[in-house]
Amino acid sequence: IKIHRLKEAHTIKYTPTDEEVKQLISFYNNKTYMNCRNRTIIITFTELGLRCSELIQLKYDDVDLDNNIITVRRKGNIEQQLPISKELKLQLVKYMNRYVDKLDGGLLFVSKNGNELTIPNVHYMLKKCNGNISPHSLRRYACTKMLKQGIPIVFVSRFMNHSSIEVTNSYYADIKATDIKF
């Protein structure tokens, strides 16, 4: 007896638009610790495409502003150095210089009481601004943005720490050919 696998319909996963991301970033200003932290978290997600678990594990010492690099502990216990964009660097400088006493050289992102952030904390912070946006939708946004800029899928796959190019391709298959820049 041969059993054939049923094909599942490919559903396009929600990816925020550039306009939604701009609104999300502008929702938080840099006036208070919480707002500055939240804005920094959002820009970090959109620029680096980190998983939520990777973001909350970041340490103060992982950020090397002199060399524009951030060291991330990825899934599979892999350390990866990622480049920091100008926008992310400016935000990190504002956040880290202003709140160095709160961070105390430990975790990069902490609660207002100095406690470790949890994944539900981060989800709540994003849902407060836009109910559709999650950490993973911002990861898809970062990946999609790189592909649209014409960065080869091999490099995007490595940058995102995907297990294979097929994973990258299946997650982001909804990009139109007209969106890609060469």
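Since the model is a prediction, treat every value here as computed from it, not as a measurement.
- Side chain of N121 to main chain of T118: a donor-acceptor pair is present (N/O by atom type, distance under 3.5 Å, no hydrogens or angles).
- The shortest side-chain heavy-atom distance between K112 and T32 does not fall under the 4.5 Å cut-off.
- Expressed to the nearest 0.5 Å, how far OG1 of T71 lies from CD1 of I69 amounts to 7.0 Å.
- The environment of NZ in K127 is crowded: more than 12 heavy-atom neighbours from other residues, nucleotides or ligands sit within 6.0 Å.
- Considering only heavy atoms from C-beta on, P16 stays 4.5 Å or farther from L24 through its side chain.
- In this structure, N29 contributes its side chain and K31 its backbone to a donor-acceptor pair below 3.5 Å.
- Enclosure of atom CZ in R158 is not indicated, since only 12 or fewer non-hydrogen atoms of other residues, nucleotides or ligands lie within 6.0 angstrom.
- The shortest side-chain heavy-atom distance between R51 and P135 does not fall under the 4.5 Å cut-off.
- Classification of E54 and R74 as a salt-bridged pair holds, one side-chain N sitting under 4.0 Å from a carboxylate O.
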Could you walk me through whether R37 and L117 pass side chain to side chain contact (heavy atoms under 4.5 Å, CB included), step by step? CA-CA 11 Å; R37 182 206 66 190; L117 281 182; 3.4 Å; yes

Let me see the working for N68 and K89 under side chain to side chain contact (heavy atoms under 4.5 Å, CB included), right down to the final yes or no. CA-CA 7 Å; N68 298 326; K89 182 177 181 173; 2.9 Å; yes

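- Linking ILVMFWY residues whenever their side-chain heavy atoms come closer than 4.5 Å, directly or via other members, places V154 and V156 in the same cluster.
- Here I153 contributes atom CD1 and M160 contributes atom CE; the two are 11.5 Å apart, rounded to the nearest 0.5 Å.
- Under a cut-off of 6.0 angstrom, the local environment of CG in N77 is sparse, with at most 12 non-hydrogen atoms contributed by other residues, nucleotides or ligands.
- In this structure, the separation between SG on C52 and CD on Q57 is 10.0 Å, given to the nearest 0.5 Å.
- Shown here for L107 and V110, the closest heavy-atom pair between the two residues is CB-CG1, 3.9 Å.
- The closest side-chain donor-acceptor pair between Q91 and T40 falls under 3.5 angstrom.
- In terms of hydrophobic clustering, with Ile, Leu, Val, Met, Phe, Trp and Tyr side chains grouped at heavy-atom distances under 4.5 Å, L65 and Y99 are assigned to a common cluster.
- Both M96 and V93 sit in one connected hydrophobic cluster of ILVMFWY residues. Membership requires side-chain heavy atoms under 4.5 Å apart, directly or through other members.
- The line from OG1 of T46 to CD1 of I41 is 12.0 Å long, rounded to the nearest 0.5 Å.
- Checked by atom type, the side-chain pair S157/H162 shows no donor-acceptor distance below 3.5 Å.
- A donor-acceptor pair under 3.5 Å links the side-chain atoms of R39 to the main chain of Y28, judged by distance alone.
- From L126, atom CG reaches atom CG of N130 across 9.0 Å, with rounding to the nearest 0.5 Å.
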Just do the side chain to side chain contact (heavy atoms under 4.5 Å, CB included) check on L55 and F109 with the steps written out, would you? CA-CA 8 Å; L55 179 114; F109 299 114; 4.0 Å; yes

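- In terms of hydrophobic clustering, with Ile, Leu, Val, Met, Phe, Trp and Tyr side chains grouped at heavy-atom distances under 4.5 Å, L108 and I119 are assigned to a common cluster.
- A salt bridge between D62 and R73 is present, with a side-chain N of the basic residue lying under 4.0 Å from a carboxylate O of the acidic one.
- In terms of heavy atoms, P83 sits closest to L48 at O-CD2, 3.4 Å.
- Between the side chains of D64 and N67, at least one donor N or O lies within less than 3.5 Å of an accepting N or O.
- Taken to the nearest 0.5 Å, the CD atom of E79 stands 8.0 Å off from the CD atom of Q81.
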Evaluate side chain to side chain contact (heavy atoms under 4.5 Å, CB included) for I133 paired with C129, printing each intermediate quantity in order. CA-CA 8 Å; I133 294 179; C129 325; over 6 Å; no

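- Side-chain atoms of T17 and E19 form no donor-acceptor pair, as typed in the model, at a separation below 3.5 Å.
- Criterion: ILVMFWY side-chain heavy atoms under 4.5 Å apart, direct or through other members. Under it, L88 and L90 are not part of a common hydrophobic cluster.
- Proximity of the aromatic rings of Y141 and F45 is defined here by a centroid distance below 6.0 angstrom, and this criterion is not met.
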